[in-house]
Protein chains: 2
Amino acid sequence: MQQQTYLKGCLSAIVLQLLQENKRMYGYEITQRVREITAGELLLTEGALYPTLHKLEAEGVLSTENALVDGRNRKYYKLTENGHQQAQTAVSELSDFVSNLQKILNLKPSLG
Amino acid sequence: MQQQTYLKGCLSAIVLQLLQENKRMYGYEITQRVREITAGELLLTEGALYPTLHKLEAEGVLSTENALVDGRNRKYYKLTENGHQQAQTAVSELSDFVSNLQKILNLKPSLG
DNA sequence: ATTTTATACCTAAGAAAATTTTGTATTTAG
DNA sequence: CTAAATACAAAATTTTCTTAGGTATAAAAT
């Protein structure tokens, strides 16, 4: 088992959190940002990230704009007006989840 | 989206953590313990828990003993000798993951 | 007395979500 | 001129949980 295992379910919320902090980001940038923040411990695979981005776009949470930078195509994603709401909700729920996980992991041994 | 969404992937590690702290527990007890710890915010469904317990038993991580208590059958689970190792690994990885999530969410780690 | 709630275990069908694998294409470094 | 980094994406697969059931006993409520 690796840390990646635990990522399941959190991916959308992580993307939304990053997009709350940055007006717009492109896919590759998101993978690198997570790598930076976690010192390489957490790696988003592209095969997981892009379907998530597309899903969020289809749901109207994200909108996109294409740009040509240094001859390469980039697809920037940003929160829609509606998306800001949902981002806040998702991030707040993830925070609560982290807090609960913390409680579970910090329990003192009980007498069995 | 609810907190349950984020649980994906963490279930085994949570079970292993609880079994590190308690010599033996039975399925229903585990669901109630998580409910207690998280003040009802996180609910393990039996449909997810029992298959996980059976999987861990099949992998040799857990062993079982049956007991009849107050006319009801209980199946206690505990870590095997091998299981203690794997529990430590899983829990440590989950801790690292939580710590990384906190970094992404800009939360302050509550306990190193 | 009888119904409901709590306790206690379990399975199966299906959905949800990420992974693996593979593919395309350009730029930069060796 | 080859490999690595940048940048996107689809298809098939696997893992994992949810939903929805099923069985059974004891205690509490009506």
Side-chain angles (χ1 to χ4, degrees), chain A residues 1-16 24-36 40 42-59 61-62 64-77 90 93-94 97 100-101, chain B residues 1-16 24-36 40 42-59 61-62 64-77 90 93-94 97 100-101:
Chain A
M1 271 199 276
Q2 314 199 20
Q3 270 192 66
Q4 250 67 14
T5 313
Y6 307 120
L7 199 62
K8 276 169 194 282
C10 302
L11 191 53
S12 290
I14 288 173
V15 167
L16 293 177
R24 60 177 204 173
M25 298 182 83
Y26 55 100
Y28 186 77
E29 185 184 11
I30 293 175
T31 66
Q32 297 310 302
R33 187 65 54 88
V34 169
R35 181 200 286 268
E36 275 172 36
L42 212 56
L43 303 173
L44 302 194
T45 61
E46 300 184 330
L49 177 63
Y50 287 111
T52 296
L53 288 171
H54 300 158
K55 192 190 116 218
L56 290 171
E57 188 185 2
E59 288 171 0
V61 176
L62 302 182
T64 61
E65 18 179 292
N66 291 295
L68 191 66
V69 180
D70 292 331
R72 282 197 213 86
N73 236 325
R74 277 185 195 168
K75 196 165 173 182
Y76 282 102
Y77 290 85
E93 277 168 356
L94 182 54
F97 176 70
N100 281 323
L101 226 37
Chain B
M1 271 203 274
Q2 314 200 21
Q3 272 192 66
Q4 248 67 16
T5 313
Y6 306 121
L7 201 61
K8 257 180 200 285
C10 302
L11 190 54
S12 290
I14 289 174
V15 168
L16 294 175
R24 60 178 202 172
M25 298 182 84
Y26 54 100
Y28 187 77
E29 186 184 11
I30 293 175
T31 66
Q32 297 311 302
R33 187 65 53 89
V34 169
R35 181 201 286 267
E36 274 172 36
L42 213 54
L43 303 174
L44 301 195
T45 61
E46 299 184 330
L49 178 62
Y50 286 112
T52 296
L53 288 171
H54 300 158
K55 193 190 117 219
L56 290 170
E57 188 185 3
E59 288 171 1
V61 177
L62 302 182
T64 61
E65 17 178 294
N66 291 296
L68 190 66
V69 180
D70 293 330
R72 284 195 211 87
N73 237 324
R74 277 185 195 169
K75 196 166 173 183
Y76 282 103
Y77 291 85
E93 277 169 356
L94 182 54
F97 176 68
N100 281 323
L101 270 187

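Computed from a prediction, not measured in an experiment: that's the story for all the values here. Order of the sequence lines fixes the chain letters, A, B, ..., with proteins taken first and strands second; residue numbering starts at 1 for each chain.
- Residue-level contact check: A:Leu11 touches the backbone only, with heavy atoms under 4.0 Å from sugar-phosphate atoms and none from bases.
- Across all non-hydrogen atoms, the minimal contact from A:Gln4 to A:Leu44 is NE2-N, 4.4 Å.
- One end of the helix from C:dA1-D:dT30 to C:dG30-D:dC1 points its axis 20° away from the other end's axis, with each axis taken from 5 pairs and the angle rounded to 10°.
- Looking at heavy-atom distances under 4.0 Å, A:Gly27 makes contact with sugar-phosphate atoms alone, never a base.
- Taking the side chain of B:Tyr28 as heavy atoms from C-beta on, and the options C:dA8, D:dT18, D:dC8, the nearest nucleotide is C:dA8.
- The separation between B:Lys55 atom NZ and C:dT11 atom P is 15 Å, rounded to whole Å.
- Distances were taken from every side-chain heavy atom of B:Tyr77 (C-beta onward) to each of C:dC10, D:dA9, C:dA18; the shortest belongs to C:dC10.
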Problem - Full working for side chain to side chain contact (heavy atoms under 4.5 Å, CB included) between B:Tyr77 and B:His54 - result: CA-CA 10 Å; B:Tyr77 291 85; B:His54 300 158; 3.5 Å; yes
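- Following rounding to the nearest Å, B:Leu43 (CG) and D:dC17 (C1') show an atom-to-atom distance of 14 Å.
- As a whole-Å value, the separation of B:Leu44 CG from D:dT16 P is 15 Å.
- Separating the CG atom of A:Leu7 from the C1' atom of D:dT15 is a distance of 14 Å, rounded to the nearest angstrom.
- One atom, CG of A:Leu49, and another, P of C:dT21, lie 19 Å apart when rounded to the nearest Å.
- For the pair A:Gly71 and A:Thr45, both in contact range of DNA chain C, the more 5′-proximal nearest nucleotide belongs to A:Thr45.
- Contact annotation: B:His54 reaches the phosphate of C:dT11 (side-chain N/O to OP1 or OP2, under 4.0 Å).
- Between B:Phe97 and A:Cys10, the closest heavy-atom pair is CZ-SG, 4.2 Å.
- Under the 4.5 Å side-chain criterion, counting only non-hydrogen atoms from C-beta, B:Leu101 is in contact with A:Ile14.
- Residue B:Lys75 is classed as a sugar-phosphate contact, given heavy-atom separations below 4.0 Å to backbone atoms only.
- Rounded to an integer number of Å, the gap from B:Asn66 CG to C:dC9 P is 9 Å.
- If you take CD of B:Glu65 and C1' of C:dC9, they are 16 Å apart, rounded to a whole angstrom.
- A:Glu46 places no side-chain N or O within 3.5 Å of a backbone atom of A:Tyr28 that could act as its donor or acceptor partner.
- Using a 4.0 Å heavy-atom criterion, one finds that A:Arg72 contacts the bases of the nucleic acid, with or without backbone contacts as well.
- Note on A:Glu29: nothing from the nucleic acid sits closer than 4.0 angstrom, heavy atoms only.
- The phosphate of C:dC10 (OP1 or OP2) has no side-chain N or O of B:Tyr50 nearer than 4.0 angstrom.
- Between the OH atom in B:Tyr26 and the CZ atom in B:Arg33 there is a gap of 9.0 Å [rounded to 0.5 Å].
- What you find for A:Gly27 and A:Leu49 is that their closest heavy atoms are O-CD2, 3.3 Å.
- Here the C1' atom of nucleotide D:dT25 and the CG atom of B:Asn73 are 10 Å apart, to the nearest Å.
- At the phosphate of C:dA17, neither OP1 nor OP2 sits under 4.0 Å from any side-chain N or O atom of A:Thr52.
- Taking CG of B:Leu16 as the start and CG of B:Leu11 as the end, the distance is 9.5 Å to the nearest 0.5 Å.
- The base of D:dC17 is not paired with the side chain of B:Gln4 by any donor and acceptor separated by under 3.5 Å.
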